[in-house]
Amino acid sequence: MSRFWSEAARQLTPYVPGEQPKIAGLVKLNTNENPYGPSPQALAAMQATVNDDLRLYPDPASDALRDVIAAAHGVERDNVFVGNGSDEVLAHAFHALLKHALPVLFPDVTYSFYPVYCQLYGIAYCQVALRTDFSLDVDDYTQPNGGIVFPNPNAPTGCALPLAKVERLLQRNPDSVVLVDEAYVDFGAESAVSLIRRYPQLLVVRTLSKSHGLAGLRVGYAVGDVELIAGLHRVKDSFNSYPLGRIAQAGARAAIEDHAWFEATRQRIIASRVRLVADLLRMGFEVLPSEANFVFARHPAYTGAQLAALLRDCNILVRHFARPAHIADFLRITIGTDVQCQVLLDALLHMGVSTDQSVISV
Ligand SMILES: Cc1ncc(COP(=O)(O)O)c(C=O)c1O
């Protein structure tokens with residue numbers, strides 16, 4: 001605490017991202033990165049952008065990128081907003097669209113950045129308990145509210161909400177912005193983008209960090225009614241006119257246009273998830289149904305903290321959340337390559353978590 005900090009800075013409890021240690025040979029399954037990386041076409045496009053033009057500011061509105069995103073989703077450029085990672089898009093959405101007299105609603109087990117944005121912008125919020133099976137029931141979101149936010153699939157559970165339920169939530173909340181954070185949607189859930197024409201209060205937020213393997217580039221976007229998007233631009237242009245540099249705009253465009261790479265890598269991750277879930281179940285884990293590039297699992301014989309520490313000793317990083325208490329025994333495990341998944345299973349076997357030899361690599 002420094003005497004130079006403002007009162008606002010003193011009051012903050014910042015979000016703590018998953019560790020990014022610089023340890024060689026680490027199997028990093030803690031931050032839901034994509035093990036296959038970005039499209040080679042995206043890499044080439046970015047390399048081609050490293051030239052003398054970098055002395056010039058980028059297009060502040062990222063029009064060419066917004067056109068590519070709009071075409072991918074069958075909407076218009078004015079339905080699209082882009083930002084420096086979906087974290088920045090979310091921050092602007094909280095500021096521009098969710099700060100009202102009534103509290104914002106979000107699940108009690110969800111992306112832990114949401115309460116941080118509320119604190120940053122002075123937004124009242126109310127956390128709605130998930131059901132005991134960790135599912136989100138839209139019938140629990142009936143109280144008067146200043147907006148509703150949830151990831152689909154949810155994080156860190158991985159559980160998805162069917163599109164019909166998202167629509168029911170929208171029908172019941174015609175006067176609130178409903179923000180669906182689709183960071184992980186490409187790994188098996190149904191996107192709500194198709195609903196934006198019928199529901200002017202719907203904002204869908206997406207990222208290139210996960211299914212496009214570009215966490216290091218920092219590109220996220222929102223799709224919604226033109227009025228919502230205009231509100232986001234007002235906040236963005238009062239904060240940073242140039243959130244995406246020339247390299248990011250070019251790389252994101254090429255990544256979205258390389259549909260073959262996107263499709264092949266996402267299918268590999270889905271297939272690895274199916275295999276990993278089956279193996280973890282055989283080892284006695286309880287695994288929540290996941291439509292994401294991670295699984296949320298616990299073992300009856302260990303606490304989450306114990307297992308995370310034991311795996312760390314084997315150079316395997318997974319994510320453990322000590323709070324809220326009812327998820328403290330779970331681990332969130334990112335789906336890596338099949339080799340990484342096997343390293344994890346072998347380590348669990350050697351630790352004595354299971355005696356089921358059938359999970360050993362063949
Ligand atoms: C649910 C959810 N939303 C948004 C983000 C932010 O992603 P990014 O800022 O990399 O686009 C994450 C990152 O892990 C996430 O889990």
Side-chain angles (χ1 to χ4, degrees), residues 14-20 28-35 37-38 42 62 65 69 80-94 98 104 106-118 120 127 130 134 136 148-161 166 178-189 191-192 203-223 232 236 240 243-245 248-249 251-252 255-256 269 288 290-296 317-321 327 330-336:
Y15 173 76
V16 182
E19 284 178 83
Q20 298 286 355
K28 206 175 160 299
L29 306 176
N30 67 329
T31 47
N32 300 339
E33 286 140 336
N34 183 326
S62 300
L65 172 58
I69 295 169
V80 179
F81 176 82
V82 295
N84 189 260
S86 63
D87 279 339
E88 186 185 81
V89 177
L90 289 167
H92 288 334
F94 272 84
L98 298 168
V104 176
F106 46 80
D108 62 339
V109 177
T110 196
Y111 187 34
S112 41
F113 225 137
Y114 300 157
V116 176
Y117 296 131
C118 288
L120 177 64
Q127 289 171 294
L130 293 178
F134 294 96
L136 185 157
I148 297 172
V149 185
F150 62 94
N152 193 26
N154 196 7
T157 63
C159 304
L161 194 63
V166 176
V178 174
L179 189 162
V180 186
D181 177 352
E182 294 191 343
Y184 302 102
V185 76
D186 293 325
F187 300 105
S191 174
L203 190 77
V204 177
V205 174
R206 313 268 299 229
T207 178
L208 271 67
S209 297
K210 317 292 179 181
S211 51
H212 289 84
L214 279 167
L217 196 63
R218 313 304 302 130
V219 181
Y221 62 92
V223 185
L232 293 174
K236 168 223 165 224
N240 177 7
L244 292 189
Q249 292 185 32
I256 292 168
I269 291 168
L288 299 190
S290 172
E291 302 295 342
N293 68 336
F294 56 84
V295 294
F296 204 47
L317 270 195
V318 297
R319 191 90 196 257
H320 171 246
F321 299 92
I327 63 162
F330 281 86
L331 298 179
R332 193 195 66 190
I333 306 170
T334 302
I335 308 300

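These numbers come from the heavy atoms of this one structure, side chains and all, not from hydrogens, waters or symmetry mates. As the structure is a computational prediction, the values presented were derived from the model and not from experiment. For ligands, and for the atoms within them, numbers begin at 1 and follow the listed sequence. Throughout, residue positions are numbered sequentially from 1 according to the sequence presented.
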* May I have the step-by-step check of side chain to side chain contact (heavy atoms under 4.5 Å, CB included) for F296 and S290, ending in yes or no? => CA-CA 8 Å; F296 204 47; S290 172; over 6 Å; no
Under a 3.5 Å cutoff, is there a donor and acceptor pairing between the side chains of [X] and [Y]?
X    : Y    : result
K28  : T31  : yes
S191 : R206 : yes
N154 : Y111 : no

Nearest non-hydrogen protein atom, [atom]:
atom                    : value
atom 13 (C) of ligand 1 : K210 NZ, 3.3 Å
atom 2 (C) of ligand 1  : D181 OD2, 3.5 Å
atom 7 (O) of ligand 1  : S86 OG, 3.2 Å
atom 6 (C) of ligand 1  : D87 OD1, 3.1 Å

* Derivation and outcome, side-chain hydrogen bond (donor to acceptor under 3.5 Å, both in side chains), residues D181 and Y114 -> CA-CA 11 Å; D181 177 352; Y114 300 157; 2.7 Å; yes
Under 4.0 Å from a heavy atom of [X]: give me the atoms of ligand 1 that qualify, with their elements.
X    : result
S209 : 8 (P), 10 (O), 11 (O)
G85  : 9 (O), 11 (O)
Y184 : 1 (C), 13 (C), 14 (O), 15 (C), 16 (O)

* Asked: With sequence neighbours left out, what residues match A155 under side-chain contact (heavy atoms from CB on, under 4.5 Å)?
  ->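 With neighbours one apart ignored, the set is Y184, F294.
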* Closest to atom 9 (O) of ligand 1 among R319, R206, R218 (heavy-atom distance) ->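 That would be R218.
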* Output yes when the distance from some N or O of ligand 1 to some N or O of T207 is under 3.5 Å, and no in every other case. =>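 T207 vs ligand 1: N/O contact under 3.5 Å present.
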* Asked: Within the structure, does Y114 bring an N/O atom to less than 3.5 angstrom of an N/O atom in ligand 1?
  ->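 No: no nitrogen or oxygen of Y114 is under 3.5 Å from one in ligand 1.
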* So how far is it from N30 CG to R332 CZ, rounded to the nearest 0.5 Å? ->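 The CG atom of N30 sits 7.5 Å away from the CZ atom of R332.
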